[in-house]
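Here the structure is laid out as structure tokens; the discussion comes afterwards.
Throughout, a chain's letter reflects where its sequence line sits, starting with A, and its residues are numbered from 1.
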Protein chains: 4
Amino acid sequence: MSPNLDRRSERSRQAIIEAAMALCREQGLARTTVEEIAKRAGVGKQTIYRWWPSKTAVVEEGINELAGTATDFPDTGDLLADLRTQMAGVASILSSPLFAPYLSLIGAAQDDPELAKSFLDGLVKPRVNAARDRLKVAQDQGQLRADADLDDVVELLYGPIYYRALLRTRPPSPAQVDELLRLAFAGLTPIR
Amino acid sequence: MSPNLDRRSERSRQAIIEAAMALCREQGLARTTVEEIAKRAGVGKQTIYRWWPSKTAVVEEGINELAGTATDFPDTGDLLADLRTQMAGVASILSSPLFAPYLSLIGAAQDDPELAKSFLDGLVKPRVNAARDRLKVAQDQGQLRADADLDDVVELLYGPIYYRALLRTRPPSPAQVDELLRLAFAGLTPIR
Amino acid sequence: MSPNLDRRSERSRQAIIEAAMALCREQGLARTTVEEIAKRAGVGKQTIYRWWPSKTAVVEEGINELAGTATDFPDTGDLLADLRTQMAGVASILSSPLFAPYLSLIGAAQDDPELAKSFLDGLVKPRVNAARDRLKVAQDQGQLRADADLDDVVELLYGPIYYRALLRTRPPSPAQVDELLRLAFAGLTPIR
Amino acid sequence: MSPNLDRRSERSRQAIIEAAMALCREQGLARTTVEEIAKRAGVGKQTIYRWWPSKTAVVEEGINELAGTATDFPDTGDLLADLRTQMAGVASILSSPLFAPYLSLIGAAQDDPELAKSFLDGLVKPRVNAARDRLKVAQDQGQLRADADLDDVVELLYGPIYYRALLRTRPPSPAQVDELLRLAFAGLTPIR
DNA sequence: TTCTAATCGAGACGGTACGTCGCGTCTTTAA
DNA sequence: TTAAAGACGCGACGTACCGTCTCGATTAGAA
């Protein structure tokens with residue numbers, strides 16, 4: 001019924017993911033076809049369909065491998081510094097052609113509830129949890145407002161970065177992160 | 001060369017937009033086909049292609065008509081109150097099934113630079129400008145930190161709403177807006 | 001539901017039939033694919049599937065057009081001479097590369113009851129009937145044994161020609177027809 | 001190079017042939033796949049490909065075993081009686097579902113010269129030779145027209161049986177054989 | 001008010017890609 | 001070494017839509 005994982009060809013698996021990511025970078029996910037991926041990977045279409053339900057699932061796996069630990073959270077004891085480091089990494093990623101398939105994936109998820117779910121569970125939640133954990137430590141240390149809900153804080157900090165990337169107003173950047181952190185921590189209320 | 005606008009059938013125009021929006025709400029933009037739109041609208045395919053370059057353009061027009069003045073900015077003199085009002089409207093829209101095609105459109109734009117451009121110019125920029133104008137007035141009145149770049153402020157306030165909608169963590173809501181405004185204006189720095 | 005015959009492209013119809021027949025002659029029906037036919041005819045696959053249920057149906061129509069009136073029965077008043085003429089025509093056809101698809105069709109019909117039926121009704125029966133009509137006239141004129149069942153006679157005369165063609169023992173030929181007629185009319189019983 | 005016959009599994013060999021024949025009877029040769037045969041026989045595909053070049057070769061072997069000595073020629077000294085016996089056997093076979101794969105095989109051979117050759121050499125020729133031998137004896141005894149070419153006689157007698165089977169006009173039968181022999185021996189020329 | 005040219009609904013067309021089936025080969029594990 | 005099992009690269013299947021292209025049949029503006 002379901003295929004035997006032991007007999008799976010690792011060579012083909014990697015070739016498929018790499019081909020999918022490359023094509024996705026060149027033309028976007030929408031214009032990338034399973035046939036092209038198969039051809040570029042030197043693989044039969046069936047081998048793709050045997051192990052993934054769709055091209056988006058392939059790209060999801062590719063993104064997951066690519067992201068790896070790149071967005072891990074540091075803990076130097078200084079929250080602001082750590083946020084600056086990590087968020088600058090996120091901003092770089094979201095403006096990098098290497099990670100363009102990531103934005104395509106978020107795009108595709110808008111019309112694909114299953115993809116949305118696996119994307120949320122597999123890519124977003126783990127990283128949000130890590131962020132929340134780091135914030136919790138800082139909050140306990142008095143480096144963060146005690147009455148702030150940590151999910152709200154995560155949204156406040158990362159929302160603006162994704163906003164730029166997804167609405168294409170301007171690319172996210174480390175400079176944005178600096179200003180963003182300054183504003184978010186100081187608050188918009190004018191100094192009296 | 002280009003078709004004669006005077007002879008255009010308004011009945012068909014509306015039927016097409018309504019069919020496109022309805023199908024988009026039912027199945028998402030990706031699964032909606034031009035043929036379906038034509039059939040549901042009781043229209044020939046050619047009539048769609050004569051007036052729009054693609055199905056996304058139809059949906060874009062539909063969104064534009066639907067949005068109308070719903071997200072206009074009030075000016076009661078009280079910035080925080082006005083933001084609360086307007087942002088709550090945005091949050092409602094972004095969580096409403098009626099506006100689901102709007103998210104689909106942002107999704108499609110990730111792989112379609114032309115759509116991204118016209119979407120940005122036609123839908124996003126005018127509203128961002130209106131927001132910036134309102135913020136400028138408030139800043140001049142001393143209701144907003146003087147050293148805050150207004151584009152950054154817009155991102156800080158709207159980023160978190162779009163973040164929830166597009167990453168599907170949880171739906172945007174007026175309650176989010178309240179907390180968001182509280183945090184953003186007060187700042188994350190703990191009260192000493 | 002079913003396509004509109006008035007709007008059918010005659011150019012495409014002919015190109016498809018000609019391509020199918022040509023490929024069938026070159027490689028046999030079994031190795032001929034719908035995709036090849038479409039490509040050679042400069043036509044979309046759907047156009048084939050719109051008007052025919054299968055490639056064999058295309059070839060059937062091609063054979064029908066090709067056969068035309070080539071196997072019509074003459075009536076000079078001399079049964080033996082007429083049979084010689086007409087059967088020689090049949091023998092030529094069954095050994096001609098031009099008509100190779102005809103044998104392929106009979107082959108395919110062995111595993112396809114629907115094809116067998118339409119082949120029988122469309123190609124075989126009309127010709128058998130014509131043969132029987134000619135034989136009936138001759139029988140009434142005393143040129144053919146009065147107690148012979150005409151269907152049996154048809155089988156006796158044409159069976160050996162098809163036998164050679166389908167079992168590939170040796171190709172049918174006018175010479176075969178001569179000898180066949182001699183034997184069949186004189187009978188196998190030795191002259192006392 | 002070629003596999004070792006001594007180590008061959010007789011159990012598998014028989015299971016494969018039986019599965020192939022059964023499937024061929026149920027669905028025809030064209031719709032029978034090697035994968036189905038392997039599955040039904042409880043055998044790996046490779047085991048089929050190791051010992052046969054194609055599914056038709058398996059069926060050919062199956063037919064050969066099935067036919068066995070069923071169509072052997074008797075020699076009671078009475079040609080007509082012997083022909084009646086043997087031809088009735090052939091007619092029974094050609095109208096029996098058990099032997100349906102035989103007709104499928106002839107069908108497949110129309111587009112497969114290699115199959116045609118091995119079919120002709122392995123199945124047809126030996127039986128034609130046996131028939132010719134029996135006819136030769138009879139001819140020498142004066143039971144058959146002396147000036148009749150024996151290959152022509154074989155075609156005259158067996159052609160009509162195959163004709164019915166392959167063109168699907170009506171099934172061959174012992175009754176057909178009776179009438180056939182009557183006509184062929186008496187001749188079609190009216191009695192003066 | 002009639003003429004006439006553009007737009008309309010309809011849908012056939014040449015294509016591209018889909019997701020599936022089966023081919024014949026190859027690789028792994030067990031007997 | 002042969003066997004069962006089944007993954008693999010490949011090619012074709014029949015289908016769904018694409019965007020273009022005819023077709024009459026309206027239908028509204030200019031004559």
Lys45(D), nearest nucleotide to its side chain (from dG19(F), dA7(F), dC13(F))
dA7(F)
Any side-chain donor-acceptor pair under 3.5 Å between Gln27(A) and Glu36(A)?
yes
With the threshold set at under 4.0 Å for non-hydrogen atoms, list the residues of residues 22-39 of chain A touching DNA chain F in residue-number order.
none
Map Lys55(C) and Gly42(A) onto DNA chain F by nearest heavy atom, then report which one ends up closer to the 5' terminus.
Gly42(A)
Calculate the interatomic distance between Asn4(C) atom CG and dG24(F) atom C1'; express it in whole Å.
11 Å
Whole-Å gap separating C1' (dA3(F)) and CD1 (Ile48(D)):
13 Å
Less than 4.0 angstrom between a side-chain N/O of Thr47(C) and OP1 or OP2 of dA12(E), yes or no?
no
For the pair made of CG in Leu5(B) and C1' in dG29(F), what is the distance, rounded to whole Å?
15 Å
From OH of Tyr49(B) over to C1' of dT20(F), roughly how many Å is that when rounded to an integer?
9 Å
What parts of residues 7-16 of chain D reach DNA chain F, counting only heavy atoms under 4.0 Å away?
Arg7(D), Arg8(D), Ser9(D), Ser12(D)
Does the side chain of Leu103(A) reach to within under 4.5 Å of the side chain of Arg168(A), using non-hydrogen atoms?
yes
If you compare all heavy atoms of Lys55(D) against all heavy atoms of Thr32(D), which two are closest, and at what distance to 0.1 Å?
NZ-O, 2.8 Å
Cationic tip of Arg7(A) within the cone over Trp51(A)'s six-membered ring, i.e. under 6.0 Å and within 45° of the normal?
no
At under 4.0 Å, does any side-chain N or O of Trp51(B) touch on OP1 or OP2 of dA6(E)?
no
Between CH2 of Trp52(B) and C1' of dC8(E) the distance, given in whole Å, is 13 Å
Phosphate OP1/OP2 of dT7(E): any Arg50(B) side-chain N/O under 4.0 Å:
no
Side-chain ion pair, Arg13(C) and Glu10(C), N-O less than 4.0 Å:
yes
Nearest-Å distance for atom pair CD/P, residues Gln46(C) and dG14(F):
11 Å
Main-chain N/O of Ala38(A) paired with Lys45(A) side-chain donor or acceptor, under 3.5 Å
no
For the student: nearest non-hydrogen atoms of Leu66(B) and Leu98(B), plus distance
CD2-O, 3.7 Å
Pairing residues for Ala30(B) by the side chain to side chain contact (heavy atoms under 4.5 Å, CB included) criterion, not counting sequence neighbours:
Asp111(A)
Whether the side chain of Gln110(C) engages the backbone of Ile106(C) through a donor-acceptor N/O pair (distance < 3.5 Å, no angle test) should be reported.
yes
